[in-house]
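Inspection log for the structure reproduced underneath, given as structure tokens.
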Amino acid sequence: MADGWRDRKRRALTNFLVNTPRGSMFLEPVDASSYSHTGDIMFILFDHFIKQVDPRDVVQVVTDSASNNVFAGKLVEEKYMHIYWTPCAAHCIDLIFEDIFKLSHLKRTLDKAIAVNTLVDGERNPPMGYIYGVMDRAKEMIAQAFKNKEYNYILRKETGYRNKS
């Protein structure tokens with residue numbers, strides 16, 4: 001897993017972690033302030049840590065869905081046919097809620113979104129056991145905001161949207 005962030009001095013840092021059945025383990029931070037965050041550079045970093053762990057023991061690389069990470073993930077998948085890149089669920093949920101709350105009549109569900117994000121992005125306990133109930137409640141609140149008229153909030157077949165899961 002790669003988690004990018006900025007410290008108090010606004011330096012771009014990326015933490016690299018490994019998730020195992022025993023839990024998440026910190027590998028090392030990388031100060032990425034001195035170079036651009038292109039897909040090629042991110043691939044070099046991912047490849048370095050895949051080799052450090054041992055490619056035979058890696059099945060997935062998880063990052064946020066920034067375009068440079070998407071590109072690097074595709075390069076990882078090309079080089080290591082058994083390794084998959086996926087976007088971080090917490091980051092995807094953040095983006096979904098960001099779009100939802102652009103709709104003024106849904107702002108009152110903001111507290112619920114914050115609760116979901118806190119659970120998803122938590123580092124103490126695996127969050128998935130909590131997520132489904134919270135997401136169901138968020139869906140109920142969204143439905144109520146649209147006066148339970150599904151055609152207002154359900155993607156229709158005409159949109160071409162297909163859930164691949």
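Residue indices begin at 1 and follow the sequence shown. Not measured: the values here are computed from a predicted model.
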Check the pair L45 / V30 against side chain to side chain contact (heavy atoms under 4.5 Å, CB included), numbers first and verdict last.
CA-CA 9 Å; L45 288 170; V30 171; 4.1 Å; yes

Once you round to the nearest 0.5 Å, how far does CG of D31 lie from OG1 of T14?
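One finds 9.0 Å between CG of D31 and OG1 of T14.
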
Just verifying a value: how many Å separate Y80 OH and R56 CZ, rounded to the nearest 0.5 Å?
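It is 12.0 Å, given to the nearest 0.5 Å.
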
Residues T86, Q60; criterion side chain to side chain contact (heavy atoms under 4.5 Å, CB included); working and verdict:
CA-CA 7 Å; T86 55; Q60 183 180 26; 2.6 Å; yes

Give me the ring orientation class for F16 and F46: parallel if the planes are under 30° apart, tilted from 30 to 60°, perpendicular past 60°.
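It falls in the perpendicular class, over 60°.
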
Between V58 and M25, is there a shared hydrophobic cluster once you connect ILVMFWY residues whose side-chain heavy atoms come closer than 4.5 Å?
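No: no chain of side-chain contacts under 4.5 Å links V58 to M25.
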
I'd like to know if Y84 and V61 are part of one continuous hydrophobic network [Ile/Leu/Val/Met/Phe/Trp/Tyr, side-chain heavy atoms within less than 4.5 Å].
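In one cluster with V61: Y84, no.
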
Are any side-chain N or O atoms of E77 and backbone N or O atoms of W85, one a donor and one an acceptor, separated by less than 3.5 Å?
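A pair under 3.5 Å: yes.
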
So, does H82 use its side chain to make a donor-acceptor pair with the main chain of P55 at under 3.5 Å?
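Yes: the side chain of H82 pairs with the backbone of P55.
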
What are the two closest non-hydrogen atoms of L17 and N15, and how far apart are they?
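For L17 versus N15, the nearest heavy atoms are CD1-O, 3.8 Å.
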
Closest non-hydrogen atom pair between G39 and L75, with its separation
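For G39 and L75, the tightest heavy-atom pair comes out as O-CD1, 4.5 Å.
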
Side chain to side chain contact (heavy atoms under 4.5 Å, CB included) between L27 and F49, worked out:
CA-CA 8 Å; L27 288 177; F49 287 103; 3.9 Å; yes

Is the count of non-hydrogen atoms from other residues, nucleotides or ligands lying under 6.0 Å from K74 atom NZ greater than 12?
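Atom NZ in K74 is not packed in, count stays at 12 or less.
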
Taking C-beta and beyond as the side chain, do D47 and K79 meet within less than 4.5 Å on heavy atoms?
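In contact.
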
Passes side chain to side chain contact (heavy atoms under 4.5 Å, CB included), N68 versus T38? Steps please.
CA-CA 5 Å; N68 59 337; T38 65; 5.7 Å; no

